[in-house]
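Have a look at the structure below before the remarks.
To find a chain, count down the sequence lines: A is the first, B the second, and so on, and within it residues start at 1. Scope of the values below: all heavy atoms of this structure, side chains included, with no hydrogens, waters or symmetry mates. Because the structure is a prediction, the values reported are computed rather than measured.
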Number of protein chains: 4
Amino acid sequence: MEEDSRLARWEQSTEVPLALASLAFLIGYAIHVLAQHITDGWRDLSFAVMLIAWAMFGVDYAVRWRLSGERLRFVRTHWLDGLVVLLPLLRPLRIVKLYEAVQRRHGEPRFSLHARVITYAGLSTGLLGFAGALAVYDQERGAPGANMKTFGDALWWTCETLTTVGYGDVTPVTRGGRLIAVGMMACGLALLGAVTGSFSSWLIQVFSQEGDTQDTRHGEGPPER
Amino acid sequence: MEEDSRLARWEQSTEVPLALASLAFLIGYAIHVLAQHITDGWRDLSFAVMLIAWAMFGVDYAVRWRLSGERLRFVRTHWLDGLVVLLPLLRPLRIVKLYEAVQRRHGEPRFSLHARVITYAGLSTGLLGFAGALAVYDQERGAPGANMKTFGDALWWTCETLTTVGYGDVTPVTRGGRLIAVGMMACGLALLGAVTGSFSSWLIQVFSQEGDTQDTRHGEGPPER
Amino acid sequence: MEEDSRLARWEQSTEVPLALASLAFLIGYAIHVLAQHITDGWRDLSFAVMLIAWAMFGVDYAVRWRLSGERLRFVRTHWLDGLVVLLPLLRPLRIVKLYEAVQRRHGEPRFSLHARVITYAGLSTGLLGFAGALAVYDQERGAPGANMKTFGDALWWTCETLTTVGYGDVTPVTRGGRLIAVGMMACGLALLGAVTGSFSSWLIQVFSQEGDTQDTRHGEGPPER
Amino acid sequence: MEEDSRLARWEQSTEVPLALASLAFLIGYAIHVLAQHITDGWRDLSFAVMLIAWAMFGVDYAVRWRLSGERLRFVRTHWLDGLVVLLPLLRPLRIVKLYEAVQRRHGEPRFSLHARVITYAGLSTGLLGFAGALAVYDQERGAPGANMKTFGDALWWTCETLTTVGYGDVTPVTRGGRLIAVGMMACGLALLGAVTGSFSSWLIQVFSQEGDTQDTRHGEGPPER
C-alpha cells in the first residue's frame, strides 16, 4: 500500500516533465533529420536534447520499477514503457498522457468512451507516423535509386502506407528504410484499425439511435431489425 | 421545452431547402471544375450558387445554435454540422437527410436497420468520393508530371483509393491534391468500413437465418455452432 | 398457405435445373471470351446456351413472383434474384444453392455455422471473381496501351484486387474494364470481408477453446481474461 | 476412453520431436533455396532432412488417425494436420505447439487470452510468410523480367503483401510464383486479421479500463458512454 501511493505520487509529478521530454525528443530528432544546413553548435544542441530526454525516460523506468516492488512481472505488465525506453521514436506515444493531464486539469467535461479511443489512437497514429516518416527519410535521403526526394514525399508515403493504399509511386529502397517501414506497417495498422473500428462502430451506433428517435417521433412503433 | 419544439419546427421546415442547397453547391462546384469552356456569365452564376448555398448553411447553423439555448456544448454535439459549414465539399453528406425526408413523406415501409446503415454510409461515401474527385482533379489538372489527365481518371483513382486497393497507375503529384487525398483516405475508409462491416454482418445474419430455416424444415434440430 | 406450399414445391423442383443453367451460362461465357479461334457454329451454340440460361432465370423469377402472391414487396425481399436476372454474370452466386442441395441429398453431417459461412462466401467470391475476370479481360483485350495481355494476367489482377493488395503491375485501362472493376471491388470486398471475418472469428474461438482445454487439463483453474 | 488416453500420451511424447522436425524442414528448405554455392553433399543432406521430416509428419498423422478410432470424421476435424502433411511449407505452423510446450514446462504464469491469440497468430504469420517468401523466391529467381532480385526483395514483398499495402515495386511474374502468392494472400490475410483484430480489441479494452480507473481515482463517478 505504501509503495502504491509513492508510485502514484511519482507518476503524478513526472507526468508533465516526461511529456515535455518526449516532445523535446521528437523536435530534436526532427531538427537532426530535416535541418541540414545548421551550424555544428545547433546540431550538438539538438543531439544533447535527445540524449537528455532519453536519459529521463530511463531514470523514470528504473524508479518506477524500484517503487513497484515487483521483479520481472513489472517488465511484462509495463512492456510499452520498456519499448519506449529502447526505441526512442515510439516516445511520442507518451504525449497522449499529456493530453489527458491537460484535459483533467481544466475540469472540462470528459468525452465519451468512443471519442476517447478515437482521439488517443488517432493521435498516437499521427505521432508514430510523423516519427516513422522522419526515420525512413533519414535512411532514404541520398540513397542511389531512391524516389523519396523530399520530406513531403516521406509524409505522403507514410499516409498511403498506414491506410494500406500503397500506390507505389514512392517506396523505400534501402534496407534500413524497409525495416522501419515493416515496423510502421505492423504498429500503424493495429492503431489505425482501432481508430476506424471505433469510428465505424460509433457511426453504426449513431445511425441506430437516430433511427430509434425518428421512429418514436413519428409514432411508427419500435425499429424493425 | 419551448426551445425544443421551436428547434424541431425549424429543422423540419429547413430540411428540404438545405438539401437542395447542398445539391446546388455540388452541381455548382462540378460546373466550376469540369466546364472549362463556358462563358464568364455561366461561370459567375455557378459561383453565385455556391456562395448562396454556403450562406444558407451558415445561417441555418447560427439559427439552430441560437434556438438550442446552448453555448459551447452545441459546437461539440453538432461538430458534423460545423465541419460542413467550414468545409463546403463535405456538404453532400446533408443529402442523406433528403433521402430520409422523401422516404418518410411517401409513407413506404421502412428498411431494416442494417439496410439503412448501408444505404446512408454508401450514399455518403459516394457523394464524398465524387466531391473529393472534383477537388483533386481541380488541383492536378495541368500540373507538371501529373498522370491524372481526365475526370474519368480522377473517378477511377477515387474508387481504388476508397477501397484501399491503390494500384498506383494514377496518383496525385501536387501538394494540394495529396492533402485532399489524405483527408479522403481518412474519412472514406471509416465510411466504407461502416458499409462493408454492416454488409458482411448482414450477410452472416442471412446465412445464419437460412441455416435455421433449413434445419427446421428438414427436422434436423437446432443449428450446430 | 396454399401459395406457400406451391412456391416451396416450385423452388424444390427448379433447384437443380437452375443451378445447371447458371453453370452453363458461365461456361458459355467463358467459351465466348476465351475461345477465339472456334468456328462460328460453336460460337452460335455458346451464345444460344447463354440466352436459354438467361431465359430460364427470367421465367423462374416471373413464376415465383406470381406464386408468392405479393406485389412490389417481392422485388425488395428477393432483390438478389432480381439482380441475377439483370446482371447475368452474378448468376454464379446461384451455384451456392446447388452445393447446399447436393449436401442435403447425401445426408452427410452438416458443417458448423462458421464453416458454412466461409464456404458459401468463399465459393461466391471465387465464382464472382472468375466471372469478373472474364468480363474485364473481354473489355481489355486488344485495347491500346493495355497491360492485361493474357487471361492469366486477368486472374492475377482479380486476386490482387479482391484482397485489396493492388500491386498495379496489371490494371484495366478501358472505361468498360474500369466500370466492371469498381463493381468487383465493391461486391468482392464485402464477400471477402465475410470470409476473413468469419475465419478470424473462428480462429479466435478455436484458440480460446484450446486455452480452456489446456487450463483444465493441467488444473490451472479458469482461463484468465 | 482407452483410445483417448493413448492418443493423449502419443501427442504428448511426439510434441517436441515433431516441432524439431518442422524446424528442420524449414531450415532444410531455406538451405535448399538460398545456399546456391554449396557442394552436392550438403545439398543432398538438406534434401534428406526435408524428406525425413515429411515422413515423420505422415507417420504421426497415420498413428493419430488409427488411435482416434474414427474414420472420415478424423480427416474433417483434423484438416489442418492433413493440410500440413500435404503442403510441407505450412509445416511451420506446428512450431506454435513447441512454444506452448516450452512455456508449460517452465511453469511460468500464462499470458492472457488476447496476448496468446496475438502471439500464436503473429508467430504463424511470420513463419508462413518466411516459408512463402522462400517458395516465391525459388520460383522467381532467374525468371526473365523478374524484379525480385534478392531474398531481401522477397521478404520485403512478403511484408507488403501480407499487410495488403502492395506498392508494386516488387511483384512475382512467373505462374508458379503468382499461384503461391495467391495462397499467401488468402492464408496470410486471415491470420493477420486475427492478429490486428485481437490487438485493436485489446487496445480498446485497455483504454476502456484506463478510463474507468481514472474516473474512480478522481471521484468523477462511472464512465460516461
Side-chain angles (χ1 to χ4, degrees), chain C residues 108-112 114-115 118 122 125-126 129 147 149-171 189 192-215 217-225, chain D residues 8 12 72-73 76-77 79-80 96-97 100 103-104 107 109-121 124 145 147 157 160-175 177-179 181-198 201 205:
Chain C
E108 286 184 61
R110 308 286 291 274
F111 282 82
S112 76
H114 265 146
I118 296 176
T125 310
N147 46 18
K149 309 275 191 212
T150 65
F151 185 58
D153 283 346
L155 284 177
W156 170 242
W157 168 82
T158 301
C159 290
E160 57 177 79
T161 298
L162 289 183
T163 55
T164 78
V165 170
Y167 295 119
D169 50 349
V170 181
T171 45
L189 277 188
L192 205 83
V195 181
T196 49
S198 316
F199 182 70
S200 67
S201 93
W202 169 80
L203 210 74
I204 288 170
Q205 208 181 337
V206 163
F207 276 128
S208 123
Q209 281 171 358
E210 204 171 78
D212 289 4
T213 316
Q214 283 169 355
D215 284 340
R217 201 193 286 163
H218 295 272
E220 289 181 18
E224 58 282 62
R225 290 208 145 241
Chain D
Q12 220 166 343
L72 284 175
R73 202 174 159 266
R76 225 186 44 241
T77 53
W79 61 270
L80 191 63
V96 163
K97 295 219 166 175
E100 178 73 12
Q103 204 184 4
R104 211 184 299 143
R110 309 285 291 274
F111 283 83
S112 76
L113 193 64
H114 266 144
R116 268 172 62 203
V117 173
I118 296 175
T119 315
Y120 276 42
S124 304
N147 48 17
W157 168 82
E160 57 177 80
T161 298
L162 289 183
T163 54
T164 78
V165 171
Y167 295 119
D169 51 349
V170 181
T171 44
V173 295
T174 61
R175 188 165 300 191
R178 286 182 171 178
L179 264 178
V182 170
M184 280 172 72
M185 287 176 193
C187 283
L189 277 187
L191 277 171
L192 205 83
V195 180
T196 49
S198 318
S201 92
Q205 209 181 336

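Distance CH2/C:Trp156 to OG1/D:Thr171: 7.5 Å, rounded to 0.5 Å. For the atom pair OG1 (D:Thr161) and OH (C:Tyr167), the distance works out to 2.5 Å, reported to the nearest 0.5 Å. A distance of 5.0 Å separates CZ of D:Arg178 from CG of C:Asp153, quoted to the nearest 0.5 Å.
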